[in-house]
Amino acid sequence: MNALERRPWLWRWRLAKALFGHSFATMTEYRAEITIWIVSGSLPLVMMALWMGIAGEGPVGGYAAADFAAYFLLVFFVRQMTSTWVVWELDRAIRLGELSPKLLRPMDPMWQDVADHVAEKVLRIPIIGLPVLGGLWWAEARLSLEPTALAGFIVLVVGAATLRFFQQYSFALLAFWTDQAIGLERVWFSVMLVLSGALAPLDLYPEPVRAVVPYTPFPYLVDVPVQVLLGRIEGSAVAQALLVQLAWTIVFVLARWALWRAGLRRYAAVGA
Amino acid sequence: MIALRSLRKVYRIHEKDAGLAGSLRAFWRRRYHDLVAVDDVSFELSAGEMVGFLGPNGAGKTTTLKLLAGLLHPSGGEVSVAGFEPRRRQRAFLRSITLVMGHKQQLSWDLAASDTFLVNQAIYEIPDPVYHERLGELTEMLGLHGLLRKQVRKLSLGERMKCELAAALLHRPKVLFLDEPTIGLDVAMQHQVRRFVADYNERHGATVMLTSHNMGDVTALAERVLVIDRGRLVFDGDLLALVEQRAPERRLHVTFSEPIGARSLEEACRPATVRSAKGVQAELSVPRGAVAQVVGALMASFTVVDLVTKEVPVEEVVAELVVGKRPSSGAARA
């Protein structure tokens, strides 16, 4: 008790543990749903079959059939690890006033959503990890297993999940003003599907697209982490990718902060 | 502990006619009107006081509580709760209040109540020994034995409300705002919740403000009552004084041995008036000082089997208070 009073960060740690425990318990209640969500994210596997078929005639843009297999298996994995649904929860909570009880506690309600997303990922890893590893072995995928590539991959995936979370949270907060927050998120999702590399590796895209896309947040959500583990992005390019991803993450962290403050003022004005 | 000065809250309401045409019109040109939900309300509560907050639906009760809890920002006037300005939502403020809403919940639907309690323990930084002591006390007072490990969705409404109360009180707030805490509960459960609120107030000296349109809640708990109607405070004071002031009469329920004609009854019982007379039963309204006189007259004229005197029900007094102040034009209410 005294130790806790002296060291407030211990309470932060306890809070993190309590929130995670709560979220983990919730997510285990949703086991069946999680399995369905995993299956609903299997588009990359369809794209894999498609591209492997095309590459059966001979490599496409430097990708042999085995390269496509490795690429899309990793795309599948990265998308599973960065799946985000906070817009559905928050949009509803804002429009139906369910946010009110959460605002009465001295904690930013966002942390509960963070815990939910982390806990759900912890449950997903064992379900998809083995099949993905098995697939990579079967496809005889050539991965870059150097420590720097592996570390770069992990940091970029965590970064992608964080970027996506704050981007979607920012969009969700627009529900304070409009009932089209989910619609807007759908638009983003469609663009992301095309420009993140979920449908095809980005280096197969025409030059004008390739020139512009690195300045957007999209490639850092899927293509870049995958290419790092495949050894197609190396060295200083990895560091550069990390920096751009971080910059976009900061943009959305700030956006979410500003929208949250403005949104709460509006909520308090029009009726909580 | 709580002070409101000329508090005012105005909502801007978007109007739309029904149907497709109405939607199209609203799409091109939005019409708004201002709805004054709370209008120039002032009162003070001292620490440990327990006050009932009455009024019809849409009168501004919930809006006032939300203003006091910091969920809404006032359009005008001043609010102070436990020394804080609620709208700033400082941590220390949030730690010293709670707001329980009968139709909103903080418990996680898919988990046991104790899972939410553990999160609250960490949020409010309640050390383990204190937490266990408080949980023990709340379990005892609310009769939560066996409920805390059940999935919340499997609890009955009453059981869930009791768990909600416990979750809202683990941090032992100094100020309790209870918005319709007994809504939808059966009579026994209402009684239990009321007794708990009274006990809690007594044990911990908490200031309690309770809205309800269940008059039983209020008469059981609060001496002082605030009545609000269409955003305006129409009464602030002692509940019994309100009854006396508003209803300077008593009700006399009489059962006769045989049916009595209304006219002969009226003649015999002056200065009382007959409110209803049906068969052998009659209900009279008697001025306070004249009860003995009227009873004597009835006994002299008829064979009386049974006779009960009652106060005018509080519901009627409050209803009269609210209706009585209404403009005769019957302006549309939101």
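Only a predicted model underlies this, so the values are computations on that prediction, with no experimental measurement involved. We use all heavy atoms of the structure for the numbers below, so side chains are in, but hydrogens, waters and symmetry mates are not. So you know, we letter chains A, B, ... as the sequences are listed, proteins then strands, and number each from 1.
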Item to check | Contacting moiety of B:Arg87, where chain A heavy atoms sit under 4.5 Å | outcome: neither
Item to check | Residue, of B:Met101, B:His171, B:Arg89, that accumulates the most heavy atom pairs under 4.5 Å with chain A | outcome: B:Arg89
Checklist entry - Quick check: are there more than 12 heavy atoms from other residues, nucleotides or ligands sitting under 6.0 Å from CZ of B:Arg5? => result no
Checklist entry - Can you tell which of B:Thr116, B:Leu94, B:Asn120, B:Ile97 has the highest number of heavy-atom pairs within less than 4.5 Å of chain A? => result B:Leu94
Next on the checklist: If you count every heavy atom of other residues, nucleotides or ligands that lies below 6.0 Å from A:Trp111 atom CH2, does the total exceed 12?
Outcome noted: no
Checklist entry - Which residues, numbered in order, of residues 124-134 of chain A come under 4.5 angstrom of chain B by heavy-atom distance? => result none
Checklist entry - In terms of heavy-atom proximity below 4.5 Å to chain A, should B:Leu111 be classed as side chain, backbone, both, or neither? => result side chain
Next on the checklist: As an exercise: rank B:Leu118, B:Leu67, B:Asp115, B:Ile123 by heavy-atom pairs under 4.5 Å with chain A and give me the winner.
Outcome noted: B:Ile123
Checklist entry - With chain B, which of A:His22, A:Arg265, A:Lys102 has the greatest number of heavy-atom pairs at distances under 4.5 Å? => result A:His22
Next on the checklist: Heavy-atom pairs under 4.5 Å with chain B: which of A:Arg105, A:Arg12, A:Glu98, A:Met107 has the most?
Outcome noted: A:Arg105
Checklist outcome for this item: The ring-ring contact (aromatic ring centres under 6.0 Å, His included) partners of A:Phe20 (sequence neighbours excluded) come to A:Phe24
Checklist entry - Between B:Ile126 and chain A, which part of the residue has a heavy atom less than 4.5 Å away: side chain, backbone, both or neither? => result backbone
Checklist entry - Is the backbone of A:Ala269 close enough, under 3.5 Å, to the side chain of B:Lys9 for a donor and an acceptor to pair up by distance? => result yes
Item to check | With A:Ser196 via side chain to side chain donor-acceptor pair (under 3.5 Å) - residues at least two apart | outcome: none
Checklist entry - Given a strict heavy-atom distance threshold of 4.5 Å, which part of B:Gln90 is in contact with chain A: side chain, backbone, both, or neither? => result neither
Checklist entry - Within 45° of the six-membered ring axis of A:Phe176 and under 6.0 Å from that ring's centre, is NZ or CZ of A:Arg266 located there? => result no
Next on the checklist: Just checking B:Trp109: does its CH2 atom have more than 12 heavy atoms from other residues, nucleotides or ligands closer to it than 6.0 angstrom?
Outcome noted: yes
Please list, one pair per line, the donor and acceptor atoms closer than 3.5 Å that link side chains of residues 178-186 of chain A to other protein atoms, with sequence neighbours excluded.
residue  : atom : partner  : partner atom : Å
A:Thr178 : OG1  : A:Gln180 : N            : 2.8
A:Glu185 : OE1  : A:Gln167 : NE2          : 3.2
A:Glu185 : OE2  : A:Arg164 : NH1          : 3.2
A:Glu185 : OE2  : A:Arg164 : NH2          : 2.9
A:Glu185 : OE2  : A:Gln168 : NE2          : 3.0

Next on the checklist: Please classify the contact of B:Phe93 with chain A as side chain, backbone, both or neither, using a heavy-atom distance under 4.5 Å.
Outcome noted: neither
Checklist entry - More than 12 heavy atoms of other residues, nucleotides or ligands under 6.0 Å from CZ of A:Arg95: is that the case? => result yes
Item to check | Whether A:Ser40 side chain and A:Trp37 backbone form a donor-acceptor pair below 3.5 Å | outcome: yes
Item to check | Atom group of A:Leu99 that falls short of 4.5 Å from chain B, counting heavy atoms | outcome: neither
Next on the checklist: Using the ring centroid of each side chain, check whether A:Trp248 and A:Tyr220 are separated by less than 6.0 Å.
Outcome noted: no
